Amino acid sequence: MLAASIETLATSKENNDSRILSVKNLCKNFGGVKALQGVNFDLVKGETHALVGENGAGKSTLTKILTGVYHYDDGDIILKDNIYKPNSPKSAKQSGIQVVHQEFNLLTYLSIAENICFESLPKTKLGTLDKKKMHQRARLAMDTVGLGDIEVTTKISELGIAHRQLVEIARALEFKSDILILDEPTATLTQREVEKLFTILEKIKHSGVTVVFISHHLNEVFNICDRVTIFRNGKTITTKEIKDTNPQDVVSLMVGKALEQVMAQQSNQKHFGSIALEVKNLVIPQSPNAEGINFCVRKGEIVGIAGLVGAGRTEILRTIFALQEKISGQVLIDGLPVEFKNPRDAVNARLAFVTEDRKDEGLILDMSIATNSSLASISQVSNAGLMDFEKENQLAADFAKKLGLRFGKLKDNVASLSGGNQQKVVLAKWLSTNPKLLMLDEPTRGVDVGAKAEIYSILRSLALDGMALIVVSSELPELMTLCDRILVLSNHQVTGELEQQSFSQEEILQLAYKNM
Amino acid sequence: EEKPVVGLIMKSLANEFFRDMLEGTKEHEKSRGDYVLKAVGMQNETDFQSQINAVENFITQEVDIIVVAPADSRAMIRPLKKAIEAGIVVINFDVSLDADAKKKQNLELAFVGPDNRSGAKLAGVALANKLGAGGKVVIIEGNPGADNAIERKKGFMDAIEEHDLELLASSTAHWETEEANSVFSNMLTANPDIQGVMAANDSMAIGVIKALEAAGRAKDIQVVAFDNIPAVGPMLADGRLLATVDQFGRDMAANAIEKGLAVHRGGPELSGWIKTDIKLVEASK
Amino acid sequence: MQSEMKIDMPAQHKKMSLKAIVRDAGIGIALLVLILIFSITTEHFLAPNNITNILTQITINLILAVGLTFVILIAGIDLSVGSVLAFACVVAGKVITIEGLDANTAIFLAVIASLLAGTLCGLLNGLISAYWGLPSFIITLGMLNIARGGALHISEAQTIYSFPEQFNDFGSASLFGIPVVFLVALLLVGIAGFVLHKTVFGRMIYGIGNNEEAVRLAGHPVFWYKVMAYTICGLMAGIAGIVYMARLNISSPIAGIGFELNAIAAVIIGGTSLMGGRGSVYGTLLGAFIIGVLANGLILLGLNDFMRQMITGVVIIVAVVLDHYREKMTTGS
Amino acid sequence: MQSEMKIDMPAQHKKMSLKAIVRDAGIGIALLVLILIFSITTEHFLAPNNITNILTQITINLILAVGLTFVILIAGIDLSVGSVLAFACVVAGKVITIEGLDANTAIFLAVIASLLAGTLCGLLNGLISAYWGLPSFIITLGMLNIARGGALHISEAQTIYSFPEQFNDFGSASLFGIPVVFLVALLLVGIAGFVLHKTVFGRMIYGIGNNEEAVRLAGHPVFWYKVMAYTICGLMAGIAGIVYMARLNISSPIAGIGFELNAIAAVIIGGTSLMGGRGSVYGTLLGAFIIGVLANGLILLGLNDFMRQMITGVVIIVAVVLDHYREKMTTGS
Ligand SMILES: Nc1ncnc2c1ncn2[C@@H]1O[C@H](COP(=O)(O)OP(=O)(O)OP(=O)(O)O)[C@@H](O)[C@H]1O
Ligand SMILES: Nc1ncnc2c1ncn2[C@@H]1O[C@H](COP(=O)(O)OP(=O)(O)OP(=O)(O)O)[C@@H](O)[C@H]1O
Ligand SMILES: [Mg+2]
Ligand SMILES: [Mg+2]
């Protein structure tokens with residue numbers, strides 16, 4: 001069912017095919033960083049317009065300028081025939097531009113309803129907060145994003161990352177707007193939610209709202225967009241009609257050269273070693289009544305874990321890494337049972353864990369690239385407790401090179417990097433510990449195609465060198481290109497295990513829905 | 001000829017007793033007109049360091065006379081000795097430096113000031129006379145560790161022992177009205193048979209009297225205190241406060257300065273304890 | 001999969017507030033334990049008289065703590081409340097003792113003066129810290145000195161006294177054995193609870209404490225909401241100043257020294273997070289009770305001053321440790 | 001665009017610390033302004049004697065502030081330092097006056113006792129707040145009461161005095177006009193700076209202040225680092241206790257009341273963020289100087305106490321506002 005709020009989204013004016021927004025030669029500097037240096041594009045009323053480009057190309061910066069978060073230095077923006085220079089998020093909203101930012105902007109300890117209605121909380125006649133109306137509106141909005149079964153009084157802190165993203169989208173949809181900008185809305189969603197989102201977008205589009213869609217998933221772009229604008233290094237390269245182009249072209253425009261198909265390059269000689277990790281009858285607090293989980297990973301093998309959001313994939317990794325307690329079951333490393341009391345034990349046993357939430361758990365945003373790179377391997381760059389800065393810089397520089405990190409100086413704060421480059425720093429942090437078992441939760445979330453390919457080839461060569469890897473991902477193509485074996489979870493239970501030759505999206509999805 | 005400079009080191013000027021004393025010295029300075037007064041107080045009563053700092057600052061400024069009301073009877077000895085060695089005339093008033101400590105440091109210094117202990121005893125005796133032997137009393141003490149608080153408690157205890165009073169409880173209220181009000185209310189609950197209260201200063205007595213009024217016991221419980229600040233005037237007038245002790249604070253510092261100037265002019269060195277007046281002020285009903 | 005909407009909102013709503021109450025009441029367990037201990041170990045603890053005492057004694061701390069709840073919810077702090085209390089108190093004392101005013105006018109003007117003085121200090125705290133985005137700890141530490149110096153300056157360090165009788169009577173009046181000043185404090189708790197939980201302003205306070213940037217991105221004037229929180233805190237200190245005067249019948253420039261720590265303790269023991277965004281003014285009420293009951297009970301026990309101080313410290317720590325376990329139990333299950 | 005890596009790391013590194021120094025020195029501008037004002041308006045400000053005075057006078061605050069820098073860098077706070085100073089001081093006083101010990105043994109044991117007492121209090125603060133993840137504000141507020149009560153209890157509220165002469169001499173000794181106790185404080189600043197900037201431990205302190213979870217996940221024993229920070233803070237309070245004794249030649253159970261606020265002010269004015277993760281102990285040094293110079297200069301100016309208190313408040317606020325503009329200028333360009 002489509003919420004009434006969406007139907008009212010478009011207070012549609014004359015539906016002439018005119019441009020409602022055009023951006024000319026837009027420039028923006030952050031101190032010395034030239035984030036935007038000549039961005040040109042326009043929006044036609046009612047279209048769905050994709051922005052693509054590598055990490056750090058400037059997509060989010062443009063978004064923030066359009067929504068009044070940053071002021072621009074130079075250039076022009078024309079909105080509905082007027083010069084547009086929003087000086088606050090509020091004025092942008094009043095001009096009809098709504099946004100879902102790439103970073104979460106939720107109020108963690110408030111309820112879903114309060115978050116959704118936060119921009120204009122309903123008031124009663126007495127001027128107090130109208131909770132009834134607020135809950136109604138929130139329920140409607142949650143229905144539109146397919147989360148009607150979650151109580152709107154639930155606190156955000158109790159939600160998983162995907163649900164949080166959907167709440168953000170619900171919040172943006174709740175408000176009337178002419179232009180809706182979605183900055184990587186699908187990065188944290190699984191297939192099922194992505195499809196749901198697309199249905200919603202389709203409806204919005206029909207009601208005359210112009211959608212700006214930012215994503216690193218070109219299949220999504222080609223699925224739902226009318227036009228695509230390509231960014232490279234703070235400039236727009238070109239805008240194309242989707243029907244006149246294809247993903248290969250777009251990729252080569254993005255990276256400036258044809259991308260070797262690393263993705264397809266599957267090595268054939270698979271010699272797996274002994275079992276590196278074995279999990280026996282693992283039961284976790286989130287699902288105390290489920291059957292135990294069993295699986296193993298061999299040296300040199302990449303095992304993927306698929307499943308819907310909330311299936312419990314993250315929890316398994318967190319349990320292995322001793323970030324949460326298990327109820328029962330056993331974890332064996334190299335055939336020996338281990339009882340990690342804390343992540344420290346896990347790291348000492350040469351496990352590594354790239355978490356799904358890099359902002360909260362992965363990085364120290366306000367510290368330098370070098371500091372973050374050496375965080376888990378600090379004993380390598382210190383001597384009897386004394387830091388060896390030269391070694392540290394060398395280590396960071398090595399991994400930056402290996403991972404193709406785009407950065408200014410090693411002492412720059414990680415916060416100044418784009419999302420994808422931040423992810424590479426997380427990888428650097430763990431790879432520098434030279435782990436035996438590397439666990440990755442959504443390793444390429446928000447990472448651009450080029451970097452993604454690089455990361456894939458890095459992971460593969462690590463496996464070739466004998467490392468055992470577990471990859472949790474919501475992108476089935478990612479799992480299918482990367483993994484030697486895929487474990488499917490549904491509702492905290494293993495519903496299947498597929499070998500490479502039997503990989504298929506349909507099969508995986510079927511298993512994923514099995515226990516729902 | 002240049003006028004001699006007097007450095008006056010007081011305790012917390014937030015305390016109205018010292019504030020009043022300071023006003024007295026200002027009048028004195030004006031009326032004599034032959035010296036320059038530099039006065040320093042401290043942030044709070046326990047801020048000994050700032051008194052030491054003040055002595056050091058005065059030595060730096062080469063004042064001629066330092067007149068000091070020590071916040072701690074022992075901490076000040078060493079810096080004052082330094083001042084004397086620098087040729088400054090030092091007068092100790094209000095609180096006496098510790099005799100034992102003085103001896104250990106070989107410091108000869110007279111003390112100009114009241115006898116807090118016998119003052120408190122005067123108040124205690126006034127209460128004892130009213131209650132008769134066996135009267136049940138409590139003490140509301142000043143800041144623990146503060147010399148005048150200790151002296152006053154000793155004075156109260158002297159009266160209690162000599163007149164066979166019964167001490168039910170003794171607690172600090174840190175010289176403060178509100179705390180005295182709370183502390184005493186609670187004491188009264190625990191000991192409903194209290195007949196008399198000895199408060200180490202008037203501010204605390206005000207809190208005690210409010211608590212008595214609230215409990216409806218103002219008539220049958222007697223209060224004595226110390227300081228004679230203006231705010232207890234009405235309470236003395238109508239008998240809510242049985243007695244307090246006036247140590248003529250307004251003149252105390254001025255007297256000390258007077259003595260210092262005399263020594264500075266070449267008068268004889270002072271020695272021993274030059275006691276200043278204290279007087280029991282009783283309810284006037 | 002798409003579930004139908006649940007329309008039984010009232011039930012849902014009730015359930016939530018019940019849970020919230022249990023959460024808030026959590027520290028109540030510590031309070032009950034304290035009360036139980038003192039009821040058994042001392043004779044007079046539950047005497048009506050003593051209960052009146054306790055209520056009177058927590059009044060001022062409670063009023064200050066209510067104001068601080070707003071500030072702490074936005075992840076700020078206000079160290080100046082004790083000094084502002086004294087400043088407001090002295091200003092009101094000067095006004096109420098102006099010669100030639102009739103009693104009612106004097107009282108009215110004094111109340112206004114006190115509230116204005118408090119509000120002004122709070123407003124300054126808020127404007128300075130919010131405008132420049134400076135840590136409120138240091139700004140209000142500055143204000144602590146300014147307001148205290150101001151109070152001493154205005155009063156020339158003298159206790160101001162002899163107020164109209166009606167005014168003094170108000171301070172010691174009681175209704176069915178409950179001190180009127182405590183009822184005033186309770187009313188303030190109620191109003192604050194209403195404002196925090198039932199109004200848009202309240203949501204903004206919680207929102208800012210959770211994620212200031214998100215609130216700003218949602219287009220709200222964060223600056224003004226923050227200023228308001230500090231201003232309310234100042235206003236409460238002003239009210240506390242008047243209550244102090246009415247209760248003790250004097251205005252003292254050295255009133256309220258150290259009160260800030262007690263008030264902040266009440267707020268934190270009451271479960272409000274110093275990181276902002278979480279907590280409630282009802283928790284603050286319980287926190288103030290814990291501190292008040294403890295002070296009262298330990299004196300009734302006849303412990304010496306030093307033991308009392310040590311035990312107070314221990315109980316403060318134990319209270320938050322217990323609360324931690326309770327919270328874990330409720331969220332864990 | 002893909003920037004090539006710069007491998008000339010040494011230069012890079014040097015540049016960084018230069019910028020860091022400029023940043024730290026920022027508040028130095030406020031300090032210079034103060035010094036300038038006092039040099040012009042007062043006669044004795046720049047007299048060698050007076051400079052010695054200032055150095056002596058800031059010593060204890062500086063030592064406490066060095067310890068607090070560690071705690072504040074991990075986003076904690078320690079309100080107990082003033083009380084812990086008194087506790088350590090009294091314990092040492094008891095030890096140093098044990099009959100029958102020869103002077104050197106007595107001094108040695110007293111120093112050990114003081115450091116142990118301080119360390120113990122800090123350790124407890126750290127263990128309790130880190131183990132249960134409780135707000136250090138409230139835990140150390142508890143400790144404030146416990147340590148003070150303990151100090152009063154042990155000393156029976158009496159000042160302890162008459163220490164060996166060597167000990168007292170140490171407190172007033174000076175080297176080329178610089179008080180030895182200040183040199184001790186300066187040495188502590190140097191050690192703390194080294195630890196914070198050059199060691200793994202220091203790196204972890206900054207990391208925890210920025211993102212505790214990330215440090216934990218990287219396999220570091222966050223718990224122990226946090227406990228260490230509080231323990232260091234306690235140790236510094238113990239050192240301050242011994243210095244207090246040496247300087248004043250007494251051990252007073254009521255020493256150090258309110259010192260925590262001054263020390264925290266020094267840390268914050270020095271540019272360390274209360275949110276943790278940002279700041280340096282060199283900034284703290286400047287912060288302590290600002291507070292000390294201000295106190296000294298205002299007395300030399302002969303202002304009355306209340307004015308002094310108000311001006312102190314205003315200067316504290318102005319100092320952080322100025323620092324805000326300086327920071328904006330350096331990062332903005
Ligand atoms: N607040 C800031 N301060 C300094 N530099 C910034 C800031 N925000 C962005 N940048 C820089 O601007 C450039 C563009 O970043 P932006 O976030 O717009 O990239 P993006 O295209 O959204 O990348 P991604 O796909 O990884 O999200 C990057 O080089 C980034 O480091
Ligand atoms: N609707 C919901 N209400 C409350 N908690 C939920 C809900 N959905 C998921 N959770 C819980 O939130 C936590 C994190 O959710 P998340 O979406 O990350 O799921 P997950 O189990 O980590 O699965 P995955 O990593 O496979 O997406 C999990 O403990 C999950 O059980
Ligand atoms: Mg982006
Ligand atoms: Mg997950």
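Below, chains carry the letters A, B, ... as their sequence lines are ordered, and counting in each starts from 1. This one's a predicted model, so the numbers in the text were calculated from it and none came from an experiment.
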Peer 1: Can you tell which part of Val215(C) gets under 4.5 Å to a heavy atom of chain A, answering side chain, backbone, both or neither?
Peer 2: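 It is both, since atoms from each part get that close.
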Peer 1: Under a 4.5 Å heavy-atom cut-off, does chain C meet the side chain of Leu106(A), its backbone, both or neither?
Peer 2: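 It is the backbone, since no side chain atom gets that close.
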Peer 1: Among residues 218-238 of chain C, which ones touch chain A with a heavy-atom distance under 4.5 Å?
Peer 2: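 Only Ala218(C), Gly219(C), His220(C) of residues 218-238 of chain C have a heavy atom under 4.5 Å from chain A.
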Peer 1: Tell me, side chain or backbone of Arg203(C) under 4.5 Å from chain A's heavy atoms, or both, or neither?
Peer 2: both
Peer 1: What option among Ser91(A), Ser120(A), Gly68(A), Pro89(A) has the most heavy-atom pairs under 4.5 Å with chain C?
Peer 2: Pro89(A)
Peer 1: Atom OH of Tyr109(A) and atom CG of Asn211(C): how far apart are they, to the nearest 0.5 Å?
Peer 2: 11.5 Å
Peer 1: Hey, does Leu129(A) have a side-chain heavy atom less than 4.5 Å from the side chain of Phe201(C)?
Peer 2: no
Peer 1: Out of the candidates Leu110(A), Ile156(A), Asn115(A), only one should pair with Asn210(C) under the side-chain contact (heavy atoms from CB on, under 4.5 Å) rule; please name it.
Peer 2: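 By the side-chain contact (heavy atoms from CB on, under 4.5 Å) criterion, Asn210(C) pairs with just one of Leu110(A), Ile156(A), Asn115(A): Leu110(A).
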Peer 1: Just how far is it from atom CG of Leu217(C) to atom NZ of Lys64(A), taken to the nearest 0.5 Å?
Peer 2: 8.5 Å
Peer 1: With heavy-atom distances below 4.5 Å as the criterion, would you say the side chains of Tyr206(C) and Leu107(A) are in contact?
Peer 2: no
Peer 1: So how far is it from Thr108(A) OG1 to Met275(C) CE, rounded to the nearest 0.5 Å?
Peer 2: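 One finds 13.5 Å between OG1 of Thr108(A) and CE of Met275(C).
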Peer 1: Could you give the distance from CZ (Arg278(C)) to NZ (Lys155(A)), rounded to the nearest 0.5 Å?
Peer 2: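 Arg278(C) CZ to Lys155(A) NZ: 9.5 Å, rounded to 0.5 Å.
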Peer 1: Does any backbone or side-chain atom of Glu119(A) lie under 4.5 Å from a heavy atom of chain C? Answer side chain, backbone, both or neither.
Peer 2: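 Contact with chain C: backbone and side chain both.
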